[in-house]
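This report concerns only the one structure given below.
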Amino acid sequence: MGLFSDLNKKLTENIYAHGSYLTDPSADLPRRVAETVDLLMPFIQPDAREDVRLQILGIVHEHMYDEPESGPEDPAADK
């Protein structure tokens, strides 16, 4: 039974360490994104706000990309 006990302990530690990334879509998003989504909540029906907030954050998290560094070949850098 020692093997299962050790495995359970390791899994529990892993869930505590990284579980928020599995349950909270905004866990690894910049704080500014979550604040912006919160600014939209007055336009949403009160009983649906939490669901809509989680859906928006989930969509942003799913489609998020890291902005490339602005370099000489970046056309946006010329503007």
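Both backbone and side-chain heavy atoms feed into the values below; hydrogens, waters and symmetry mates do not.
- More than 12 heavy atoms of other shown residues, nucleotides or ligands fall within 6.0 angstrom of atom CD in Glu35.
- Gln55 contributes atom CD, which lies 10.0 Å from atom CD1 of Ile44 (distance to the nearest 0.5 angstrom).
- Considering OG1 of Thr36 and CD1 of Ile56, their distance stands at 11.0 Å, rounded to 0.5 Å.
- Residues Ala34 and Arg53 share a closest heavy-atom pair of CB-NH2, 4.4 Å.
- Linking Ile, Leu, Val, Met, Phe, Trp and Tyr whenever their side-chain heavy atoms come within less than 4.5 Å leaves Leu57 and Ile59 in two separate clusters.
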